[in-house]
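We name chains A, B, ... by the order of the sequence lines, and we start the count at 1 in each one. Note that this is a predicted model, so its numbers are computed, not measured.
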There are 2 protein chains.
Amino acid sequence: MTGMRGRPRGFDRDAALGAAIELFWRRGYEGTSVSELTEAMGIRPGSLYAAFGDKRALFAEVVDTYGRSPVGAFMAEALAEEPTAFGAFARILREAADIYPDPAHPAGCLTISAATNVAVQDAEVEAFLRELRNANVKVFRERLRVACEGGELPGDADVNALAGYFAAVIQGMSQRARDGATREELAQVARMAMGAWSQCGLTDLEEGGGVR
Amino acid sequence: MTGMRGRPRGFDRDAALGAAIELFWRRGYEGTSVSELTEAMGIRPGSLYAAFGDKRALFAEVVDTYGRSPVGAFMAEALAEEPTAFGAFARILREAADIYPDPAHPAGCLTISAATNVAVQDAEVEAFLRELRNANVKVFRERLRVACEGGELPGDADVNALAGYFAAVIQGMSQRARDGATREELAQVARMAMGAWSQCGLTDLEEGGGVR
DNA sequence: CGACTTCTTGAGCGAGCGTTCTAGAATGAC
DNA sequence: GTCATTCTAGAACGCTCGCTCAAGAAGTCG
């Protein structure tokens, strides 16, 4: 009962997982086939299923591992470390503009890209992805609520709308990065997006005529 | 050489196309199988291939038809009809908040949903979808350029960034609608998004310390 | 040394994919 | 009527999918 018994694994599990991350990041959940995975990971299907379960479980582990990586966790870190909500969201947008187009890895955010995928047949995976999306919005909302209670935002600020707004912008930045937007363009988008901060759902700029 | 020869078509082509639109709108390109299509359209595969070509051609026709429909053309109409760029984009956002969550049809924008799909295996379809996305940004950019030349915007306004910004927000609104966001939430998002207008890439709100 | 356990290999499973084929049915032209 | 043409119905094509299985290889145990 000392060392583990049986034939030892013949490949580096972490390296194989890294290859899976890269592949899922680039091509999404359903866009990546098991045979592509086994080829990229350098193993045979039997080994994949023995080491990771099935494709769904592997994807879940990929998302989890990515979320703990420096690139994947930058939002959570900003929300936790910045003293003000304004500082946190400004930093998130600024860093997203740096990270998303970085050629060192596939463009955009793995989580957002995977979660944005609308072609998912598998109902369980679809629910999983929807949870990923809404979890992000929920975290934003919570941070904004704290800002309201702390007095940084007016007590009647619409945290729902602000959270939805930032989620939308960030997701859009990820997609724009995938479509080839440069770091400079994304930085500008980030700067403009923070312009909404001064509004907080208070100002009413309805104008331009009553079409519809 | 008078009437068309051969056995006449036994189904309503427009109605069948409408069913295909509904299906592609809900489930995306790759999420919709030909057998699902034939069932929803009430025809057999042979009839589908005879009338529409193949799945790709059918999808292209779906996108085109949707783009000419009132719901699909609201952006182009706003850009063409509103005298100011501000009015056009404000109207686009306002109408998107109305249309995207409308339960009369699948949530969000067919074009954006389909184009956002990252799981597309077929390289040609992927290129087609990318073009759809970038065409939108391009149209925005052009309208903003006109606004610069007309004096509505400062001549050195960053039309690239503004166009990318609005594209990102609108895409995010479509996705939020698909995730169940209400008309009210989207209307708030739209209002906030227009707050960026006053900036036009001039203001610099870099602050919050030099983390990163 | 076996006995036991675990991993690897490679073939192959059933199901679904997009698509095509064959037969026959329904029309206009002559 | 007969022919050419066009559509319909249904079976089936080849392919890929995610996944499994049987056999053997490579270790730790006693």
Chemist: Pairs under 3.5 angstrom only: tabulate donor-acceptor contacts from the side chains of residues 7-16 of chain B to other protein residues two or more places apart or in another chain.
Modeler:
from, atom 1, to, atom 2, distance (Å)
B:Asp12, OD1, B:Asp14, N, 2.9
B:Asp12, OD1, B:Ala15, N, 3.2
B:Arg13, NH1, B:Glu61, OE2, 2.7
B:Arg13, NH2, B:Ala51, O, 3.0
B:Arg13, NH2, B:Glu61, OE1, 3.2
B:Arg13, NH2, B:Glu61, OE2, 3.3

Chemist: Atom CG of A:Asp12 and atom P of C:dT8: how far apart are they, to the nearest Å?
Modeler: 12 Å
Chemist: Rounding to an integer number of Å, can you tell me how far A:Leu37 CG sits from D:dC17 P?
Modeler: 10 Å
Chemist: Rounded to whole angstrom units, what separation is found between the CE atom of A:Met41 and the P atom of C:dT9?
Modeler: 14 Å
Chemist: To the nearest Å, how far apart are A:Phe52 CZ and C:dT8 P?
Modeler: 10 Å
Chemist: With A:Val137, which residues qualify under side-chain contact (heavy atoms from CB on, under 4.5 Å), at least two apart?
Modeler: A:Arg141, A:Ala163, A:Ala167, B:Arg176
Chemist: How would nucleotides 16-27 of chain C be written as a contact map, 5' to 3', with B for base contact, S for sugar-phosphate-only contact and - for no contact, using protein heavy atoms under 4.0 Å?
Modeler: -SSBB---BBBB
Chemist: How about B:Leu110 and B:Val62: do any of their side-chain heavy atoms sit closer than 4.5 Å?
Modeler: yes
Chemist: Only counting residues at least two apart or in another chain, list the ones meeting side-chain contact (heavy atoms from CB on, under 4.5 Å) with A:Glu124.
Modeler: A:Arg56, A:Asp122
Chemist: Round to the nearest Å and state the distance from B:Arg13 atom CZ to D:dC7 atom C1'.
Modeler: 14 Å
Chemist: Going by ring-ring contact (aromatic ring centres under 6.0 Å, His included), name the residues that satisfy it together with A:Tyr49, two or more places apart in sequence or in a different chain.
Modeler: none
Chemist: In whole angstroms, how far is the C1' atom of D:dT28 from the CZ atom of A:Arg9?
Modeler: 16 Å
Chemist: Whole angstrom is fine here: how far is it from CG in A:Leu58 over to C1' in D:dC19?
Modeler: 14 Å
Chemist: Please enumerate all residues that pass ring-ring contact (aromatic ring centres under 6.0 Å, His included) together with B:Phe59, with sequence neighbours excluded.
Modeler: B:Phe24, B:Tyr29
Chemist: OP1, OP2 of C:dT8 versus side-chain N and O of A:Ser47: anything below 4.0 Å?
Modeler: yes
